[in-house]
Amino acid sequence: MLELKNVSMRFGKNTALDDIDLYLEPGVYGLLGPNGAGKTTLMRCIAGILRPFDGKISGADNIGYLPQKFGMFKELTVLETMEYFAALKNIPRSRYRICAMECLEQVHLAERAKDKVASLSGGMVRRLGIAQTLLGSPSLILVDEPTAGLDPEERLRFKNLISSIRTNRIILISTHIVEDVESACDHIIILHKGRILVQSTAEDIRKKAEGRVFSVPAARKSELREPYFLLRDEYVGGEESLRILSQQEQPWKPTPPTVEDGYMLYIHEEL
């Protein structure tokens, strides 16, 4: 298990994390929040890269960590890169290659073991990053913005990979993309302005927005009752519509909400 009690982090006068309490058991957790919410700071505190200003973190042992910006020596081969990380993790030298190849097999990169890192696509580099997190069989895996810049196929591959390595582990995935956590995670944690707003399931977060989402013909925008939040323009039946979020009753029937709608309702507390 991983437990955080009253964890706070400041940078000068800026409070990045404000009295965070979390208790995580084995499973896959999505850490969701807008840019600047404190997600990366929280990840770095759990990983031991940053020391919290206040509070206590326990259970953060044997960690595999993939940061948002993950650099590698491009002149090394994939296998040499994995052996380098095996050395950093104090894996016995006699087991470097065995452990490296086992992890590469898990991310479907074993056939590229002799290739230079420079020859890999962006998606393959992220998979190689996941492979190095698996070295040493960590019980806690932290992955920060893993699908940033990836195409839909690689994003799907990442979700399948997470599903294949989830057994008996705590996996915490930080992202601001709702659909990346909706299908891959057992639980979603919403972080906003350095505070935990909710820790729940995707279904419960979706239900938060029931009766609060409306699809309104764009031509009738003037009939909307304040306050409301415009989620997006969309086309329904060939006509432009506005998908809005509002806790104010509107002159239209509500439309079925999504997890993203529930997330936005938590974030826009002014509604």
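The residues of the chain are indexed from 1 along the displayed sequence.
The number of heavy atoms from other shown groups lying within 6.0 Å of CD (Glu249) does not exceed 12. More than 12 heavy atoms of other shown residues, nucleotides or ligands fall within 6.0 angstrom of atom CD in Glu111. For Arg51, the CZ atom counts as loosely surrounded, since its 6.0 Å shell holds 12 or fewer non-hydrogen atoms of other residues, nucleotides or ligands. The 12-atom threshold is exceeded at CZ of Phe11, counting heavy atoms of other residues, nucleotides or ligands nearer than 6.0 Å. With a 6.0 Å radius and a threshold of 12 heavy atoms from other residues, nucleotides or ligands, Asn168 has its CG atom at or below the threshold. The neighbour count for Arg155 CZ, taken as heavy atoms of other residues, nucleotides or ligands under 6.0 Å away, is above 12.
In this structure, Ala37 and Leu191 approach most closely via the heavy-atom pair CB-O, 3.3 Å. Nearest heavy atoms, Pro34 versus Lys39: O-NZ, 3.1 Å. Heavy-atom minimum distance, Gly129 versus Met72: N-CE, 3.7 Å. When all heavy atoms are compared, the tightest approach of Lys208 to Gly262 is CG-O, 4.3 Å. In this structure, Trp252 and Pro217 approach most closely via the heavy-atom pair NE1-CD, 3.7 Å. The minimum heavy-atom distance between Pro52 and Met9, with the atom names listed, is CA-SD, 3.7 Å.
From Leu134, atom CG reaches atom SG of Cys99 across 11.5 Å, with rounding to the nearest 0.5 Å. With values rounded to the nearest 0.5 angstrom, Ile190 atom CD1 is found 4.0 Å from Ile205 atom CD1. In this structure, the separation between CD1 on Ile165 and CD1 on Ile130 is 5.5 Å, given to the nearest 0.5 Å. Interatomic distance, Tyr23 OH to Glu3 CD, rounded to the nearest 0.5 Å: 6.5 Å. Of the inter-residue distances, the one linking Ile46 atom CD1 with Thr41 atom OG1 reads 11.0 Å to the nearest 0.5 angstrom. The CZ atom of Arg97 sits 5.0 Å away from atom CD of Glu83, with the distance rounded to the nearest 0.5 Å.
Residues Asn62 and Ser139 have side chains that never bring a donor and an acceptor to within less than 3.5 angstrom of each other. In this structure, a donor-acceptor pair under 3.5 Å is present between the side chains of Thr258 and Asp261. For the 3.5 Å distance criterion, the side chains of Asp19 and Ser8 fail to qualify, holding no donor opposite an acceptor. Side-chain atoms of Ser183 and Glu179 include no donor-acceptor pair closer than 3.5 Å.
Among residues two or more places apart in sequence or in another chain, the salt bridge (Lys or Arg N to Asp or Glu O under 4.0 Å) test is passed with Glu182 by none.
Look at Lys116 and Glu75 and you find no salt bridge, because none of the NZ, NE, NH1 or NH2 atoms lies under 4.0 Å from a carboxylate O. Salt-bridge check for Arg220 with Glu223: passed, with a basic side-chain N closer than 4.0 Å to an acidic carboxylate O. With respect to the salt-bridge test (charged N to carboxylate O, under 4.0 angstrom), the residues Arg166 and Asp186 qualify.
Both Leu24 and Leu140 belong to a single network of hydrophobic side chains, linked directly or stepwise wherever heavy atoms of I, L, V, M, F, W or Y lie under 4.5 Å apart. Using a 4.5 Å cut-off between side-chain heavy atoms of Ile, Leu, Val, Met, Phe, Trp and Tyr, with links allowed through other members, Val78 and Phe70 fall into the same hydrophobic cluster. Hydrophobic clustering (side-chain heavy atoms under 4.5 Å, transitive across Ile, Leu, Val, Met, Phe, Trp, Tyr) keeps Ile189 apart from Met264. No continuous path of ILVMFWY side-chain contacts below 4.5 Å connects Leu88 to Leu142, so the two sit in separate hydrophobic clusters. One hydrophobic cluster, built from ILVMFWY side chains closer than 4.5 Å, cannot hold both Val178 and Leu172; they sit in different ones.
The closest side-chain heavy-atom distance from Ile141 to Ile173 is not below 4.5 Å. Residues Leu245 and His268 are not in side-chain contact: their nearest non-hydrogen atoms beyond the backbone lie 4.5 Å or more apart. With contacts defined as side-chain heavy-atom distances shorter than 4.5 Å, the pair Leu4/Lys56 does not qualify. Between Leu120 and Arg112, some side-chain heavy-atom pair lies under the 4.5 Å cut-off. Side-chain contact between Gln132 and Cys103 is absent, with no heavy-atom pair separated by less than 4.5 Å. Two residues are said to be in side-chain contact when any heavy atoms from C-beta on lie closer than 4.5 Å; Val7 and Asp54 fail this criterion. Taking 4.5 Å as the limit, some side-chain heavy atom of Lys221 sits within range of a side-chain heavy atom of Leu224. No side-chain heavy atom of Ile244 sits less than 4.5 Å from a side-chain heavy atom of Leu231.
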Worked verdict on Tyr29 versus Gln199 for side chain to side chain contact (heavy atoms under 4.5 Å, CB included) = CA-CA 9 Å; Tyr29 297 81; Gln199 178 180 341; 3.9 Å; yes

query = Can Arg126 and Glu154 be said to form a salt bridge (Lys or Arg N to Asp or Glu O under 4.0 Å), step by step?
reply = CA-CA 9 Å; Arg126 297 306 282 180; Glu154 281 291 351; over 6 Å; no

query = What do the steps show when you test Leu31 against Thr175 for side chain to side chain contact (heavy atoms under 4.5 Å, CB included), and what is the final call?
reply = CA-CA 6 Å; Leu31 181 61; Thr175 184; over 6 Å; no

message = Under the criterion salt bridge (Lys or Arg N to Asp or Glu O under 4.0 Å), I'd like the reasoning laid out for Asp21 against Lys5: C-alpha separation, chi angles, the key distance, then a yes or no.
response = CA-CA 5 Å; Asp21 287 322; Lys5 287 187 176 181; over 6 Å; no

key: Worked verdict on Glu102 versus Gln106 for side chain to side chain contact (heavy atoms under 4.5 Å, CB included)   = CA-CA 7 Å; Glu102 286 176 351; Gln106 286 185 270; 5.5 Å; no

request  = Starting from the C-alpha separation in whole Å, work towards a yes-or-no answer on side chain to side chain contact (heavy atoms under 4.5 Å, CB included) for Asp144 and Leu66.
outcome  = CA-CA 6 Å; Asp144 194 0; Leu66 177 63; over 6 Å; no

request  = Assess whether salt bridge (Lys or Arg N to Asp or Glu O under 4.0 Å) is satisfied between Glu260 and Arg232, documenting all intermediate values.
outcome  = CA-CA 12 Å; Glu260 183 176 35; Arg232 60 180 175 273; 3.7 Å; yes

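No donor-acceptor distance shorter than 3.5 angstrom exists from the side chain of Lys159 to the backbone of Cys185, with no hydrogens or angles considered. Proximity of a side-chain donor or acceptor of Thr15 to a complementary backbone N or O of Leu17 within less than 3.5 Å is not detected. Distance alone, capped at 3.5 Å, is enough to place a donor-acceptor pair between the Arg212 side chain and the Gln247 backbone. Between the Glu80 side chain and the Thr77 main chain, a donor and an acceptor come within less than 3.5 Å of each other. Side-chain N or O atoms of Ser241 include none that pairs as donor or acceptor with a backbone N or O of Tyr235 at under 3.5 Å.
The cationic atom of Lys253 (NZ for Lys, CZ for Arg) does not lie both less than 6.0 Å from the six-membered ring centre of Phe214 and within 45° of the ring axis.
In this structure, Tyr84 has its ring center closer than 6.0 angstrom to the ring center of Phe73.
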